[in-house]
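Please read the structure below before turning to the comments.
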Amino acid sequence: MSEHCHHHHGEVTEKSVKLLILSFAINMFLSIAEIVGGIVSGSVALIGDALHNTSDALSILIAVIAFKIGNKKASTKYTYGFKRAEIIGGFVNLILLFISGVYLLIEGVGRLVHPEQIEGMLIVWISVLALIVDVFTAKISHHGAHHNTNMKMVFIHNLADVFGSIGVIVSGLCIVWFDIYSIDGIVAMLIAFYMIFQSVVTFPKVVNILMNAAPDNIDVEQVRKCILEMEGIKDVHHVHVWSISEHNIAMECHVESDNVDIIPIISHKLQGEFGINHCNIQVETESCGKCCDL
């Protein structure tokens, strides 16, 4: 005998998705402007920022697609629904962030070793425009970034752009005022380090969800003990806890008990103490022993 209990979360609103689509269009326009400006001025930092903006635009597009897929209803084939599409989207965005960071780091080192003459004032004006756009898009993606990895990746992309634009403005002013051309490579490297650091730090969390690992804030042994301490429970085994999505935690187990009506009580307690909102509990009057390999 078993029971399933579900609770659905709408982490990302339709309004947020529409604003993200607007951000995608603006970022693509900005990327083209920065690439042209970078070629004309000779600034690798500006071209690097343009490539990062392009990466941001793609990350926003991936996020929108993932949110749309994630909102689809469960089917007979995808019985858990499509919420994990958001995690997959976040994983792709994470890889894009890392690759962009590595590329920008290589370009920055190259420019630091071999500084080239740059048109500083053109860099400043384009970067001021970029900063305005970056602040706008970062503000949009900040809503929900604390509760959704996909949105967090978009926000990190955009926040890196804010820092990048500020850095490129400083770089341009240093070139105009002091003729320090090596600052262009230094700024590019600083932006790259931030991007690489954020992608590496977030990687384990995303992979753990994709690998059906138990959430970091839940001790499986504590879940087992919690059930075992309840009246009428003789044994608890085959306990598995995993994340269907970031806000949907699932658990399944076998419970040895003579009381087949105890399932709703267990489910309610697990949700209250551990936030587990999808329970599949099998009650046995006798232990099944090693009937399952998992």
Side-chain angles (χ1 to χ4, degrees), residues 1-12 63 66-92 94 144-153 202-230 232-257 259-284 287-294:
M1 176 178 284
S2 63
E3 177 180 284
H4 298 270
C5 50
H6 300 269
H7 293 265
H8 301 286
H9 298 260
E11 301 91 23
V12 181
F67 294 144
K68 291 291 185 182
I69 294 173
N71 285 331
K72 290 175 64 178
K73 293 181 179 180
S75 66
T76 52
K77 182 176 178 63
Y78 296 97
T79 54
Y80 276 121
F82 296 84
K83 274 294 177 185
R84 194 165 281 191
E86 295 182 20
I87 299 298
I88 295 171
F91 181 75
V92 173
L94 188 149
H146 296 295
H147 309 289
N148 186 286
T149 294
N150 205 8
M151 191 66 92
K152 181 182 178 182
M153 284 297 98
T202 312
F203 186 79
K205 178 185 177 183
V206 176
V207 170
N208 281 343
I209 294 176
L210 293 176
M211 290 294 292
N212 285 339
D216 292 336
N217 62 329
I218 294 181
D219 185 335
V220 176
E221 186 57 31
Q222 288 299 317
V223 173
R224 181 181 174 278
K225 286 181 179 179
C226 176
I227 300 172
L228 198 56
E229 288 170 357
M230 296 178 69
I233 303 296
K234 300 176 184 177
D235 187 32
V236 181
H237 49 276
H238 298 309
V239 181
H240 301 285
V241 182
W242 71 100
S243 296
I244 299 172
S245 66
E246 285 185 274
H247 302 279
N248 288 278
I249 301 172
M251 188 278 298
E252 66 177 15
C253 68
H254 291 191
V255 173
E256 187 179 347
S257 175
N259 181 11
V260 294
D261 298 323
I262 202 169
I263 295 175
I265 301 171
I266 297 173
S267 298
H268 181 74
K269 185 165 185 173
L270 292 179
Q271 183 173 357
E273 293 200 17
F274 300 98
I276 297 172
N277 47 18
H278 176 100
C279 302
N280 182 11
I281 302 167
Q282 180 175 317
V283 176
E284 305 162 343
S287 176
C288 65
K290 296 183 179 181
C291 66
C292 299
D293 294 328
L294 293 176

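Position 1 is the first residue of the sequence; numbering continues from there.
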Sub-4.5 Å side-chain heavy-atom contact between Ile266 and Cys279: no
Counting C-beta onward and ignoring hydrogens, is there a side-chain heavy-atom pair between Leu270 and Met251 closer than 4.5 Å? yes
Are the side chains of Ile227 and Cys253 in contact, using a 4.5 Å heavy-atom criterion? yes
Could you go through the side chain to side chain contact (heavy atoms under 4.5 Å, CB included) check for Arg84 and Ile87 one step at a time? CA-CA 5 Å; Arg84 194 165 281 191; Ile87 299 298; 4.1 Å; yes
Got Ile244 and His278 here, is their nearest side-chain heavy-atom distance under 4.5 Å? yes
Check: Trp242 main-chain N/O paired with Asn212 side-chain donor or acceptor under 3.5 Å: no
Anything under 30° is parallel, anything over 60° is perpendicular, the rest tilted; go ahead and classify His238 against His254. perpendicular
Under 6.0 Å from the NZ atom of Lys72, do we count more than 12 heavy atoms belonging to anything else shown? no
Without swapping roles, check the side chain of Ser257 against the backbone of Gly232 for a donor-acceptor pair under 3.5 Å. yes
Looking only at heavy atoms, the pair that brings Phe91 and Val207 closest together is CE1-CG2, 4.2 Å
What distance separates Ile262 CD1 from Ile233 CD1, expressed to the nearest 0.5 Å? 3.5 Å
Any heavy-atom pair between the side chains of Leu94 and Phe203 that's under 4.5 Å? yes
Do the non-hydrogen side-chain atoms of Pro215 and Phe274 ever get within less than 4.5 Å of each other? no
Does the side chain of Val239 come within less than 4.5 Å of Val236's, by heavy atoms? yes
Other residues, nucleotides and ligands only: do more than 12 of their heavy atoms fall within 6.0 Å of CG on Asn217? yes
Side chain to side chain contact (heavy atoms under 4.5 Å, CB included) evaluation trace for Ser243 with Asn248: CA-CA 6 Å; Ser243 296; Asn248 288 278; over 6 Å; no
Option passing side-chain hydrogen bond (donor to acceptor under 3.5 Å, both in side chains) with His237 (candidates Arg224, Glu256, Glu284): Glu284
Identify the heavy atoms of Ile249 and Ile276 that sit nearest to each other, and give their distance. O-CG2, 3.7 Å
